[in-house]
2 protein chains.
Amino acid sequence: MAGTLAVVGEKWSLLVLREAFLGVRRFADFQRQLGAPKAVLTDRLGTLVEQGILRRVPYQAAGERQRHEYRLTTKGLDLYPTLVALMQWGDKYLADDVAPLALEHRDCGSPVHLGLVCDDGHELTSAREVRPVPQAAAVTAS
Amino acid sequence: MAGTLAVVGEKWSLLVLREAFLGVRRFADFQRQLGAPKAVLTDRLGTLVEQGILRRVPYQAAGERQRHEYRLTTKGLDLYPTLVALMQWGDKYLADDVAPLALEHRDCGSPVHLGLVCDDGHELTSAREVRPVPQAAAVTAS
DNA sequence: GGAGGACAGTTCGTTTTACGAACCCAGGAG
DNA sequence: CTCCTGGGTTCGTAAAACGAACTGTCCTCC
């Protein structure tokens, strides 16, 4: 967890990723949506690319010179639950004036939410139902 | 989401909460576990209390003077999925040398994981299966 | 009753980081 | 040839984080 935060815990990283999930790909659009200083944005996009969370893909729009855009990798897509978790908490407790975003299952149209589920199929409602069990490190030596 | 990050997105906040979920309650213990500067810790604990994520509870251990400890509120407990999301991503991609923590359902003993589920009961495997639908703000007017 | 020791902080000076504004460069459009 | 846009870089300043030292209260031990 500490490691994850070291990777995406800097000030704008997760917001950049949110925009990426919403389809933003170009530098200027990130900048407009977030209002972050360009220098910071350059740095954040750079580290996200370094970490393999985003890719820089060259592309060429008609009648424009070559540019590159930023797209999520699988590693980046797997951060989705984190974003959703932050979003759901915010929707529940912060009651922003900004409209929340509903998520629906593309296949069936039902609303989607994030839940803790156990391999027996129960869905848990509270953190209290979870017991943390420290694991031995993956030691291969005797 | 931006709001959530404004609340818990500062540098040590989520790590403090992780420790809180693992049962840490006292200032000195947080400090020892995290190695954060005391000034920062004071500040983070303060804002978390202000935000109603932690409570400061006075208590008195046998043969000690009165102290106060920090405990999670419901609002704080509801951040658990966020922490789990960060943890699972880290376990998957970061392969720290530190031992991961397994989570099991207190009732049935099965491992617990975080998943996106829709109200029809499907569990989704990828962010791609989700369609974000912008909501109108909660306007009560016509 | 005085010394020493947690515990829970403050205070202070230094180093990082974020911020905002200005500047730079390339390619197309007019 | 000049202007505009996209994607940056380079400043100087303002805000955080850091680490070490200092404060104060109560408790135990001598």
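Here is the naming used below: chain letters follow the sequence lines, and residue numbers restart at 1 for every chain. Scope of the values below: all heavy atoms of this structure, side chains included, with no hydrogens, waters or symmetry mates.
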Please list, pair by pair, any protein nitrogen or oxygen found under 3.5 Å from a nitrogen or oxygen in nucleotides 21-23 of chain D.
none

Item to complete: Please state whether the rings of Tyr70(B) and Phe30(B) are parallel, tilted or perpendicular, taking 30° and 60° as the class boundaries.
Response: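 The rings of Tyr70(B) and Phe30(B) stand perpendicular, inter-plane angle above 60°.
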
Could you give the [atom1]-to-[atom2] distance, from [X] to [N], as a whole number of Å?
{"X": "Arg44(A)", "N": "dA18(C)", "atom1": "CZ", "atom2": "C1'", "answer": "8 Å"}
{"X": "Arg25(A)", "N": "dG7(D)", "atom1": "CZ", "atom2": "C1'", "answer": "18 Å"}
{"X": "Leu15(A)", "N": "dC19(C)", "atom1": "CG", "atom2": "C1'", "answer": "16 Å"}
{"X": "Asp43(B)", "N": "dT10(C)", "atom1": "CG", "atom2": "P", "answer": "10 Å"}
{"X": "Leu41(B)", "N": "dC18(D)", "atom1": "CG", "atom2": "C1'", "answer": "13 Å"}
{"X": "Phe30(A)", "N": "dG6(D)", "atom1": "CZ", "atom2": "P", "answer": "15 Å"}
{"X": "Lys11(A)", "N": "dA18(C)", "atom1": "NZ", "atom2": "C1'", "answer": "6 Å"}
{"X": "Leu34(B)", "N": "dG19(D)", "atom1": "CG", "atom2": "C1'", "answer": "16 Å"}

Practice prompt. Give the nucleotide from the list dC7(C), dT10(C), dC19(C) with an atom nearest to the side chain of Ala28(B).
Written response: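 Looking only at heavy atoms from C-beta outward on Ala28(B), the closest nucleotide is dC7(C).
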
Worksheet item: dT10(C), dG20(C), dC18(D): which one has an atom nearest the side-chain heavy atoms of Thr42(B)?
Response: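 For the Thr42(B) side chain, the nearest candidate turns out to be dT10(C).
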
Test your reading of the model: is there a side-chain donor-acceptor pair from [X] to the backbone of [Y], 3.5 Å cut-off?
{"X": "Arg71(A)", "Y": "Arg25(A)", "value": "no"}
{"X": "Gln31(A)", "Y": "Pro37(A)", "value": "no"}
{"X": "Thr4(B)", "Y": "Leu86(A)", "value": "yes"}
{"X": "Trp89(B)", "Y": "Lys75(A)", "value": "yes"}
{"X": "Thr73(A)", "Y": "Gly52(A)", "value": "yes"}

When you measure from the side-chain N and O atoms of [X] to the phosphate of [N], is any distance below 4.0 Å, counting only OP1 and OP2?
{"X": "His68(B)", "N": "dT25(D)", "value": "no"}
{"X": "Tyr70(A)", "N": "dG6(D)", "value": "no"}
{"X": "Trp12(B)", "N": "dA16(D)", "value": "no"}
{"X": "Arg32(B)", "N": "dC7(C)", "value": "yes"}
{"X": "Arg67(A)", "N": "dG8(D)", "value": "no"}

Fill in: Residue met sooner reading DNA chain C from 5', once Ala36(A) and Gln66(A) are mapped to nucleotides
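Its nucleotide being nearer the 5' end, the pick is Ala36(A).
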
Discussion item. Within the 4.5 Å heavy-atom criterion, are Leu48(B) and Gln51(B) side-chain neighbours or not?
Written reply: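 No; the side chains remain at least 4.5 Å from each other.
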
Worksheet item: Mapping Glu69(A) and Ala39(A) onto DNA chain D by nearest heavy atom, which one lands closer to the 5' end?
Response: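 The 5'-side residue here is Glu69(A).
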
